[in-house]
There are 2 protein chains.
Amino acid sequence: MKTDHVDTILAQWKAQRPDLDCSPMGVIGRVGRAKQLMTIRVDGVFKQFDLSNIEFDILASLRRASEAVTPTELYQTLMLSSGAMSTRVDGLVKRGLVERQASEIDRRSCLVTLTTEGLVLIDKVVEAHVDNEREMLSSLDDNEQAQLAALLKKWLMANE
Amino acid sequence: MKTDHVDTILAQWKAQRPDLDCSPMGVIGRVGRAKQLMTIRVDGVFKQFDLSNIEFDILASLRRASEAVTPTELYQTLMLSSGAMSTRVDGLVKRGLVERQASEIDRRSCLVTLTTEGLVLIDKVVEAHVDNEREMLSSLDDNEQAQLAALLKKWLMANE
DNA sequence: TATTGTTATACTCTATAACTATA
DNA sequence: TATAGTTATAGAGTATAACAATA
């Protein structure tokens with residue numbers, strides 16, 4: 001029976017603390033380990049377009065949105081501080097990927113929108129990103145992928 | 001049919017980019033989202049013991065190891081730079097949780113070991129940690145947890 | 001008074017590379 | 001020469017809070 005890295009850790013705990021049932025680590029440890037390895041490969045694609053993970057998330061949020069988005073919505077959705085979001089948006093503005101437009105109804109506020117250049121870029125990046133993800137999952141067949149998504153979704157619906 | 005956060009994102013992509021098959025996001029996005037939420041709760045327990053995630057990993061590595069561990073082994077296992085590991089070990093030494101012992105065979109090297117205090121602490125933390133993880137998984141039954149672990153393990157064996 | 005968004009500050013964490021001592 | 005580990009430096013990224021403008 002083949003093993004992964006988490007099996008090794010579980011065996012070590014079993015040897016040192018046989019009184020402890022570490023089986024939850026077999027689930028949560030693997031979620032963390034998988035995420036870690038997936039992140040490296042996902043970020044590799046973003047890096048090809050000179051984007052960080054968060055910059056991708058901002059551009060993708062703007063691309064997905066059917067209505068205009070404010071900085072407040074962005075930092076709340078992406079779980080960043082308002083200050084951090086200002087800094088990030090600044091960087092994207094400097095690169096000509098997004099613009100700030102004054103709000104017509106609330107003069108304290110603004111709307112962050114993609115420039116044409118930003119739209120073209122995020123559309124390219126998303127395509128490369130999804131292709132990369134599909135390739136990353138090729139070690140599981142369609143049924144296994146669906147099962148995995150369904151189990152995680154069940155957990156998420158109870159915990160998010 | 002109930003939905004989670006990833007369903008929302010998938011629906012938005014479907015609306016804006018109907019040409020794009022984003023189904024891989026349904027898997028990888030959920031792994032990431034689950035990891036994100038799990039991390040918050042896992043770190044909550046570590047924080048109760050005034051430990052960071054990495055400090056826990058160092059203490060746990062030492063506790064699990066059957067033989068003495070060098071800083072080099074630690075930073076390679078935990079994927080940190082040597083400098084970062086030195087800083088981390090320093091902090092744990094200052095708190096009396098680990099000690100550096102000169103190696104008897106290689107005088108450039110040292111062995112990092114748990115103090116009695118460190119051993120007592122990590123044993124307590126691991127117990128609280130596993131209890132917390134078990135509670136976090138209570139929305140899945142034993143069979144579902146096993147399935148989830150098995151699917152992730154299959155992916156990990158092909159990708160790590 | 002409360003809220004939106006920006007700016008300024010300080011902090012945490014890290015990688016890099018220079019460095020010491022030893023192999 | 002190469003390696004183990006430490007130290008010093010600099011950089012990235014962040015939260016916090018003060019701030020200005022508007023609600």
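Below, chains carry the letters A, B, ... as their sequence lines are ordered, and counting in each starts from 1. Predicted, not measured: the structure shown is a model, and the values here were computed from it. Keep in mind that the numbers below use all heavy atoms, side chains included, and drop hydrogens, waters and symmetry copies.
- In this structure, the CG atom of D57(A) is 16 Å from the C1' atom of dT14(D), given to the nearest Å.
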Please list, one pair per line, the donor and acceptor atoms closer than 3.5 Å that link side chains of residues 37-48 of chain B to other protein atoms, with sequence neighbours excluded.
| from | atom 1 | to | atom 2 | distance (Å) |
| --- | --- | --- | --- | --- |
| T39(B) | OG1 | K35(B) | O | 2.7 |
| T39(B) | OG1 | K35(B) | NZ | 3.3 |
| R41(B) | NH1 | N159(A) | OD1 | 2.9 |
| D43(B) | OD1 | N53(B) | ND2 | 3.0 |

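- For the atom pair CG of L114(B) and CG of L119(B), the computed distance is 6.0 Å after rounding to the nearest 0.5 Å.
- Per the geometry, CD1 belonging to I58(B) stands 12 Å off P belonging to dC13(C), to the nearest Å.
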B/S/- contact track for nucleotides 7-13 of chain D, protein heavy atom under 4.0 Å: B-----S
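- Taking only side-chain nitrogens and oxygens, S109(B) never comes nearer than 4.0 Å to OP1 or OP2 of dA4(D).
- At whole-Å resolution of the value, OH in Y75(A) and C1' in dT14(D) are 15 Å apart.
- In this entry the distance linking NZ of K94(B) with C1' of dT6(D) reads 12 Å, nearest Å.
- Distances from the side chain of R108(A) to the nucleotides dA21(D), dT16(D), dT22(C) place dA21(D) closest.
- Under the salt bridge (charged side-chain N to carboxylate O under 4.0 Å, His left out) rule, E160(A) has a single partner from R33(B), R30(B), K2(B), which is R33(B).
- With rounding to whole Å, E104(B) atom CD is found 17 Å from dA4(D) atom C1'.
- Taking atom CZ of R107(A) as the reference point, atom C1' of dT3(C) lies 16 Å away to the nearest angstrom.
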